[in-house]
A.B. asks: 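The structure under discussion is supplied below as structure tokens; questions concerning it will follow.
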Amino acid sequence: MSTRDSNFKVIVVGGGPVGLAAAHALHLAGIDFLVLERRPAIVEDKGASLIVHPHTLRVLHQFGVLEKLLPRGAELHHHLSFTAEGYVFKEGTQYAQIRQNHGYGPVAFHRSELIEIMYNDLPLAARERVLTDKKLVDIKTKPEGVRVSCADGSTFEGSIVIGADGVHSKTRQLMRKLALKTNPTRSWDSEQPYAATYQLLYGSFPSPSASGFGYDIQAKDKSIMYFSGPDRGWFFLYKKLPRPTQERTNYTDKDIEDVAQEFLEFPLTRTVKVKDVWSRMLAAGLTNLDEGIVEHWSLGRVVLVGDACHKMTTHLGLGFNNGVQDIVVLCNSLRKILNAAPNGNPSTGALTETFEKYKAVRMSSECSLKGDVWKSGVETRMHSWHNTWYYILSRYLVIPSWTESLVMRYVMAPEFRKGQVLDYVAKEEPMKGMISWLYPMKDLI
Ligand SMILES: Cc1cc2nc3c(=O)[nH]c(=O)nc-3n(C[C@H](O)[C@H](O)[C@H](O)COP(=O)(O)OP(=O)(O)OC[C@H]3O[C@@H](n4cnc5c(N)ncnc54)[C@H](O)[C@@H]3O)c2cc1C
């Protein structure tokens, strides 16, 4: 039975970058779907950059969007580390090494441009299945399917729900409610399963430097990342919170201004300071930098992907990359059980088993998720000299080029190498590079 002949329907909650990756992967698998997005438009010029690493470029290539995307991005090629006083203590080689190892360096995109291209490049029939102004408020599960309700009163029937609705996922909250309703004594993740030790002020501005810089600025309890693209520059100002928190904090414009004031004299490049771009900001936002992995990723016919089930700090730019990996692993197995089910409609039991296996794979050493959450947290703490040990590590130990070379080769490369691809889409033009050649990436021809 082909998935195209089945009446199986996936309801994806959230039209963010991972929800759109789901739309591409489901469309390519021939699985019917609907994406429900609470915002009035899919493309909004908010947010900063998204760095995409080589293993994700391969998946974007399978989606057919890579050719359009690459000219809009900036492959990172130059790295410097500064102190807050502007002293350059490191000229890193990591971007060149990633390119050498995997055939492509990390590419920085303006987040809304990446989303725009992913959305516009969906075939029309698939794009029409992405609905806006659809805020999920409830999920009812039945033995043979699900019924979701939105804030505007509309309801949709489907076979499963994929919750791609981000860090404060409503799907995750409703799943918790359903789980505790059926068994009030069972243990489940708390309503706020992540904790933040840092806050992050991010923003974009007309680029004050050449394209392709990826710089960091380090100080006690504060740090900055700066990236430059073809038109825009993006900064990320990190500040340690007075104490770790699980609370959801909604910051005001005054909070944004107050944090920015503390960084005005910090450098972004050798010649540009934060104060030089602050008056020319195109967009800015302040958020807590949540970290953690949720224990329960699914319940019956409901399953989570992306930030809804794992959250890492942004220093290594791996959150979206991991969301794409969730979609790849989930859609590869979903397609298989749909094809194996006699009428193309697997039972709740079979779906539950598939979702549990999906989480087990993503959490296993076959995938880089756990390592990515850990490494991202370490990098954040190194840059902000979280304690004496992180200070020594960042300022003195990971400095010589041979140390960095070892880290790239034996810590970062094996993780990228674990990147999986859709097993039902042609794997043309695999990424080439030394590491791929030495240890072929999983599933590469
Ligand atoms: C400043 C910053 C920089 C980052 N840089 C990088 C980077 O360089 N590289 C990288 O890989 N990752 C990066 N990340 C992380 C990355 O942005 C996230 O991992 C990624 O956006 C997760 O995608 P998502 O679709 O799961 O969630 P989101 O991007 O949060 O999208 C969720 C979507 O669901 C919608 N939604 C929410 N609730 C509902 C509801 N009730 N009903 C319907 N829709 C709903 C939201 O409106 C949103 O569109 C960065 C994060 C931040 C904050």
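For ligands, and for the atoms within them, numbers begin at 1 and follow the listed sequence.
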A.B. asks: So which bit of C150 gets within less than 4.0 Å of ligand 1, heavy atoms only: side chain, backbone, both or neither?
C.D. replies: neither
A.B. asks: What's the shortest distance from atom 35 (C) of ligand 1 to any protein heavy atom, and which residue and atom give it?
C.D. replies: E37 OE1, 3.2 Å
A.B. asks: Please tell me if the side chains of E356 and T352 come closer than 4.5 Å, counting only heavy atoms from C-beta onward.
C.D. replies: yes
A.B. asks: Relative to the heavy atoms of V13, which atoms of ligand 1 are at a distance of less than 4.0 Å?
C.D. replies: 42 (N), 43 (C)
A.B. asks: Show me which atoms of ligand 1 lie under 4.0 Å from any heavy atom of D165.
C.D. replies: 32 (C), 34 (O), 36 (N), 37 (C), 38 (N), 39 (C), 45 (C)
A.B. asks: Specify the closest pair of heavy atoms between A284 and L201, including all atoms of both residues, with the distance to one decimal.
C.D. replies: CB-CD1, 4.3 Å
A.B. asks: Check I327 against A25 and note the closest heavy-atom contact, atom names and distance.
C.D. replies: CG2-CB, 3.6 Å
A.B. asks: Is it the case that over 12 heavy atoms from other parts of the model lie below 6.0 angstrom from the CZ atom of R129?
C.D. replies: yes
A.B. asks: Have a look at I51, I327, T313 and point out the one with the heavy atom closest to atom 9 (N) of ligand 1.
C.D. replies: I51
A.B. asks: Can you check whether L136 has an N/O within less than 3.5 Å of an N/O in ligand 1?
C.D. replies: yes
A.B. asks: In the protein, what heavy atom is nearest to atom 6 (C) of ligand 1, and what distance, to one decimal place, separates them?
C.D. replies: L50 CD2, 3.4 Å
A.B. asks: In the protein, what heavy atom is nearest to atom 12 (N) of ligand 1, and what distance, to one decimal place, separates them?
C.D. replies: F320 N, 3.1 Å
A.B. asks: Give the contacting part of A164 toward ligand 1: side chain, backbone, both or neither, where contact means a heavy-atom distance below 4.0 Å.
C.D. replies: backbone
A.B. asks: Any idea which atoms of ligand 1 are less than 4.0 Å away from a heavy-atom of R39?
C.D. replies: 47 (O), 49 (O)
A.B. asks: Heavy-atom count around E44 CD within 6.0 Å, excluding the residue itself: above 12?
C.D. replies: yes
A.B. asks: Atom 3 (C) of ligand 1: which protein heavy atom is closest, and how many Å away?
C.D. replies: F236 CE2, 3.4 Å
A.B. asks: Given R111, R38, Q173, which one has a non-hydrogen atom that is nearest to atom 21 (O) of ligand 1?
C.D. replies: R111
A.B. asks: Could you check whether any side-chain heavy atom of F156 comes within less than 4.5 Å of a side-chain heavy atom of L131, counting everything from C-beta outward?
C.D. replies: yes
A.B. asks: Measure the distance from atom 31 (O) of ligand 1 to every protein heavy atom, then report the residue, atom name and distance (to 0.1 Å) of the closest one.
C.D. replies: G16 CA, 3.7 Å
A.B. asks: Is there a side-chain contact between V272 and S209, using heavy atoms and a 4.5 Å cut-off?
C.D. replies: no
A.B. asks: If you measure every N or O of G317 against every N or O of ligand 1, does any of those distances drop under 3.5 Å?
C.D. replies: yes
A.B. asks: Taking NZ in K46 as the centre, count heavy atoms belonging to other residues, nucleotides or ligands within less than 6.0 Å. Is the count above 12?
C.D. replies: no
A.B. asks: Would you check whether A48 reaches within less than 4.0 Å of ligand 1, judged by its heavy atoms?
C.D. replies: no
A.B. asks: Considering only protein heavy atoms, which is closest to atom 27 (O) of ligand 1, and at what distance to one decimal place?
C.D. replies: G166 CA, 3.5 Å
A.B. asks: Can the ring centroids of Y215 and H78 be said to lie less than 6.0 angstrom from one another?
C.D. replies: yes
A.B. asks: Could you pull out the closest heavy-atom pair between F263 and V259, with the gap in Å?
C.D. replies: CD1-O, 3.3 Å
A.B. asks: Identify the closest protein heavy atom to atom 5 (N) of ligand 1: which residue and atom is it, and at what distance?
C.D. replies: S49 O, 3.5 Å
A.B. asks: Quick one: are K170 and I139 in side-chain contact, heavy atoms under 4.5 Å?
C.D. replies: no
A.B. asks: Heavy atoms only, cut-off 4.0 Å: how does T314 contact ligand 1, side chain, backbone, both, or neither?
C.D. replies: side chain
A.B. asks: Report, in ascending order of atom number, the atoms of ligand 1 lying under 4.0 Å from any heavy atom of V18.
C.D. replies: 23 (O), 24 (P), 25 (O), 26 (O)
A.B. asks: State if G323 counts as touching ligand 1 under the rule of any non-hydrogen atom under 4.0 Å.
C.D. replies: no
A.B. asks: Is it the side chain, the backbone, both or neither of Y202 that has a heavy atom closer than 4.0 Å to ligand 1?
C.D. replies: side chain
A.B. asks: Just let me know how N322 lines up against ligand 1, side chain, backbone, both or neither, with a heavy-atom cut-off below 4.0 Å.
C.D. replies: neither
A.B. asks: Using a 4.0 Å cutoff against the non-hydrogen atoms of L200, which atoms of ligand 1 qualify?
C.D. replies: 1 (C)
A.B. asks: Measure from the ring center of H383 to the ring center of Y238 and say whether it is less than 6.0 Å.
C.D. replies: no
A.B. asks: Is it true that E116 and K68 make a salt bridge, defined as a side-chain N closer than 4.0 Å to a carboxylate O?
C.D. replies: no
A.B. asks: Mark up the atoms of ligand 1 that fall under 4.0 Å of a heavy atom belonging to G306, in ascending order.
C.D. replies: 26 (O)
A.B. asks: Find out whether L268 and F82 are in side-chain contact, i.e. whether some heavy atom of one side chain is under 4.5 Å from a heavy atom of the other.
C.D. replies: no
A.B. asks: Just jot down the ligand 1 atoms closer than 4.0 angstrom to any heavy atom of K135, in number order.
C.D. replies: 41 (N), 42 (N)
A.B. asks: What protein heavy atom sits nearest atom 26 (O) of ligand 1, and how far away is it?
C.D. replies: D307 N, 3.1 Å
A.B. asks: Could you pull out the closest heavy-atom pair between H53 and N321, with the gap in Å?
C.D. replies: N-OD1, 3.0 Å
A.B. asks: I'd like to check which ligand 1 atoms, numbered from 1 as shown, lie under 4.0 Å from a non-hydrogen atom of G14.
C.D. replies: 33 (C), 34 (O), 35 (C), 44 (N)
A.B. asks: Think R280 forms a cation-pi with F205, using NZ or CZ under 6.0 Å from the six-ring centre and within 45 degrees of its axis?
C.D. replies: no
